[in-house]
Structures are given as C-alpha cells and as structure tokens.
J.: 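Here it is, the structure, as structure tokens.
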Amino acid sequence: MIYLIKSFKTNHKYGGILLTKDGSKIIILGGEYNNSVLLFNIQKNEVINLPNLIHRRINSSYNILNDRYIFSFFGKGNNTIEYLDLNYNYWNILNYKTSGSLFKELEGHIGFNIDNNIIIIIGGKNNENVLIFYLKEKFLDVTDIKVIPDKNSDIKKLIFEKEKCFNMIEDNNNKEIIGMDNEGNVHCFNDDYAYTIFVF
C-alpha cells in the first residue's frame with residue numbers, strides 16, 4: 001500500500017514499519033538487504049534518512065517508546081537489542097540481563113509496549129513462551145507462560161512476518177491491543193493483561 005503512495009530507493013523486505021503516535025509519519029527499518037532507516041512524512045510527501053541500524057535486522061520487532069526512542073528486538077541470527085534516541089540521532093546497543101538462557105536468535109515475533117516501560121514479546125520461530133522486557137531495569141523475563149497451550153492445539157506456532165505491529169483500539173474507556181499472525185488468527189490483549197487468540 002505504501003508503494004502506491006511513495007517509492008523508496010532501498011529494499012526493506014523482512015524489515016519493519018512503524019506509525020508515529022500522531023499518525024503523520026511512517027518509519028521504515030532494516031530488512032534482508034540493508035540497515036537503512038527512513039522517516040516518511042505523509043503530509044509533506046518527504047523522506048528523511050535516519051541513522052542506519054548497527055546490526056542487520058531480518059524479521060525483528062520494533063517499538064516506539066515515549067515518542068523519543070525506537071527499539072529493535074532480535075531477528076534472524078541476532079540476539080541483540082538496539083535503540084535510536086531521536087534527540088541524539090544515533091543507535092546504541094542495549095546491554096540487558098535475562099532470566100533464561102540467551103537464545104541465539106528470535107525471528108518472526110512481535111512486541112508491543114505498555115506504559116512505555118514494559119514490552120511484551122510473543123511468537124517467533126521456536127518460541128512458545130511470553131517474553132517481557134522491562135526497559136528501566138534492562139531485563140528480559142523469559143516467563144513460564146506458554147502462548148501455545150499444548151500439542152493438541154490448533155495453533156502449532158505463532159509467526160508474525162506479515163503484520164509487524166499491533167493496534168490499540170479504545171471503546172467505552174476499554175483498551176484492547178489487537179493484531180494478526182501469519183495464519184490470520186487474531187490476538188487480543190486488554191487492560192487486565194488478559195490474552196485471547198481467535199483461531200480462524
């Protein structure tokens with residue numbers, strides 16, 4: 001859909017895309033062929049080059065926190081977290097601690113933030129657990145919570161390669177975060193951290 005509006009000089013296959021909070025800009029990140037990061041101002045039809053990612057990011061997940069930081073989590077052949085401080089305009093590697101063994105890579109997963117401090121990560125190849133990243137503590141909790149309940153479930157794996165962003169929907173003061181995996185299953189999280197998967 002974006003290519004119908006604007007064409008870009010770089011190929012971002014298996015990269016990421018973020019919409020800013022005010023909905024006026026799109027950030028396009030990394031992918032299989034390059035580390036470039038672009039900011040597309042929709043209203044002005046203008047493309048600005050942001051600093052390149054430090055590491056190649058293939059099927060990573062991305063988040064914007066506090067309208068200031070862009071975070072990139074893991075990806076194919078990658079167990080790092082890096083972030084861009086938009087005030088200083090350069091990427092940093094985030095050193096973090098974890099409760100589980102450090103995985104070699106996590107790809108095809110998705111993450112969404114809560115209160116700009118907690119990022120919940122689900123899915124990805126060879127990952128059945130919910131991961132919770134605490135920004136202030138710089139800590140990745142590999143929880144015992146299984147997203148795929150058992151081997152008899154209709155869901156065998158959760159991969160998010162087509163839609164890399166969940167959307168917040170507000171209705172009568174209720175908030176839900178909703179997204180879709182590769183198989184078309186709809187994932188819903190609410191204010192009470194209840195998690196429901198609608199299998200289609």
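Atoms considered below: every heavy atom in the structure, side chains included; atoms not considered: hydrogens, waters and symmetry mates.
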J.: Would a distance-only check, ignoring hydrogens and angles, find a side-chain to backbone donor-acceptor pair under 3.5 Å from N78 to R57?
T.: no
J.: Could you report the tightest heavy-atom contact between Y90 and N92, atom names first, then the distance?
T.: CE1-ND2, 3.2 Å
J.: Closest heavy-atom contact between G75 and E105?
T.: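 Heavy-atom minimum between the residues: O-CB, 3.5 Å.
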J.: What I'd like to find out is whether the side chain of I118 reaches to under 4.5 Å of the side chain of Y134, using heavy atoms alone.
T.: yes
J.: Side chains of L106 and I121: closer than 4.5 Å at any heavy-atom pair?
T.: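 Yes, their side chains come closer than 4.5 Å.
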J.: If every non-hydrogen atom of G123 is compared with every non-hydrogen atom of F160, which pair is closest and at what distance?
T.: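 It is CA-CE1, 4.2 Å.
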J.: Show your working on side chain to side chain contact (heavy atoms under 4.5 Å, CB included) between V37 and L53 and close with a plain yes or no.
T.: CA-CA 7 Å; V37 181; L53 290 153; 3.9 Å; yes
J.: Can you name the closest pair of heavy atoms from Y62 and G15 and give their distance?
T.: CE1-C, 4.2 Å
J.: Taking E82's backbone N and O only, do any of them form a donor-acceptor pair with W91's side chain (distance below 3.5 Å, no angle check)?
T.: no
J.: Verify the cluster assignment for V47 and I42: are they in a single hydrophobic cluster under the rule of side-chain heavy atoms below 4.5 Å apart?
T.: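 Yes, V47 connects to I42 through the hydrophobic network.
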J.: Quick one: does N11's side chain have a donor or acceptor within less than 3.5 Å of a partner on N34's backbone?
T.: no
J.: Are I122 and Y195 close enough that some pair of their side-chain heavy atoms sits under 4.5 Å apart?
T.: yes
J.: Salt bridge check: are E107 and K125 linked by an N-O gap of less than 4.0 Å?
T.: yes
J.: When you compare the side chain of I17 with that of I26, does any pair of heavy atoms fall below 4.5 Å?
T.: yes
J.: So do the side chains of E137 and N117 get within less than 4.5 Å of each other, counting heavy atoms only?
T.: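 Result yes, sub-4.5 Å side-chain heavy-atom pair found.
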J.: What are the two closest non-hydrogen atoms of N129 and D144, and how far apart are they?
T.: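 Smallest interatomic distance, heavy atoms only, reads ND2-CA, 4.1 Å.
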J.: Determine whether S36 and H12 satisfy the following criterion, side chain to side chain contact (heavy atoms under 4.5 Å, CB included), listing intermediate values before the conclusion.
T.: CA-CA 8 Å; S36 70; H12 292 273; 3.1 Å; yes
J.: Should the heavy atoms of other residues, nucleotides or ligands under 6.0 Å from CD of E183 be counted, would the total exceed 12?
T.: no
J.: What's the separation between atom CD1 in I114 and atom CZ in F189, rounded to the nearest 0.5 Å?
T.: 8.0 Å
J.: Quick check on N89: does its CG atom have over 12 non-hydrogen neighbours (other residues, nucleotides or ligands) under 6.0 Å away?
T.: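 Yes, enclosed.
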J.: List the atom of N185, the atom of I197, and the distance in Å for their closest heavy-atom pair.
T.: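 Residues N185 and I197, closest heavy atoms: CB-CG2, 4.0 Å.
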J.: Heavy-atom count check: over 12 atoms from other residues, nucleotides or ligands less than 6.0 Å from F112 CZ?
T.: yes
J.: Taking the side chain as C-beta and beyond, is there a heavy-atom pair between I54 and T80 under 4.5 Å?
T.: no
J.: Test side chain to side chain contact (heavy atoms under 4.5 Å, CB included) on F40 and N45; report intermediate values, then the result.
T.: CA-CA 7 Å; F40 173 44; N45 194 29; 3.6 Å; yes
J.: So, do I58 and E32 sit near enough that their side-chain heavy atoms are less than 4.5 Å apart?
T.: yes
J.: Say you draw a straight line from CG of L131 to OG1 of T143; how long is it, rounded to the nearest 0.5 Å?
T.: 7.0 Å
J.: Same hydrophobic cluster for I132 and L158, using side-chain heavy-atom links shorter than 4.5 Å among ILVMFWY?
T.: yes
J.: Report the C-alpha separation of K76 and N59 in whole Å, then their side-chain angles, then the decisive distance to 0.1 Å, and conclude whether the side chain to side chain contact (heavy atoms under 4.5 Å, CB included) test is met.
T.: CA-CA 6 Å; K76 184 176 181 180; N59 275 333; 5.6 Å; no
J.: What is the distance from atom CG of L94 to atom OG of S72, rounded to the nearest 0.5 Å?
T.: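 So the CG of L94 and the OG of S72 are separated by 11.5 Å.
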J.: With the side chain counted from C-beta on, respond yes when N116 and Y69 share a heavy-atom pair under 4.5 Å apart, and no when they do not.
T.: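 A side-chain contact under 4.5 Å is absent here.
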J.: For the pair Y83 and F71, name the ring-plane relationship: parallel under 30°, tilted 30 to 60°, perpendicular over 60°.
T.: parallel
J.: Shared ILVMFWY cluster between V130 and F139, side chains joined below 4.5 angstrom?
T.: yes
J.: Measuring from I120:CD1 to I110:CD1, what's the distance to the nearest 0.5 Å?
T.: 12.0 Å
J.: Is a donor on one side and an acceptor on the other found under 3.5 Å between the side chain of T98 and the backbone of L140?
T.: yes
J.: Is there a path from L84 to I48 through hydrophobic residues (I, L, V, M, F, W, Y) whose side chains come within less than 4.5 Å of each other?
T.: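 Yes, one cluster joins them.
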J.: Do side-chain atoms of T20 reach the backbone of K25 as a donor and acceptor pair under 3.5 angstrom?
T.: yes
J.: How long is the gap from NE2 on H55 to CD1 on I93, to the nearest 0.5 Å?
T.: 3.5 Å
J.: Can you say whether the rings of F74 and Y96 are parallel (under 30°), tilted (30 to 60°) or perpendicular (over 60°)?
T.: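 Taking Y96 first and then F74, their aromatic rings stand perpendicular (interplane angle over 60°).
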J.: Do any N or O atoms from the side chain of H187 and from the backbone of I178 form a donor-acceptor pair under 3.5 angstrom?
T.: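 No: the side chain of H187 does not pair with the backbone of I178.
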J.: Decide yes or no on side chain to side chain donor-acceptor pair (under 3.5 Å) for R56 and N35, but give the supporting numbers first.
T.: CA-CA 6 Å; R56 184 65 47 91; N35 292 5; 2.7 Å; yes
J.: Linking I/L/V/M/F/W/Y whenever any side-chain heavy atoms sit under 4.5 Å apart, do V142 and F133 land together?
T.: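 Both belong to a single hydrophobic cluster.
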J.: To the nearest 0.5 Å, what is the distance between CG (N66) and CG (L86)?
T.: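 It comes to 11.0 Å.
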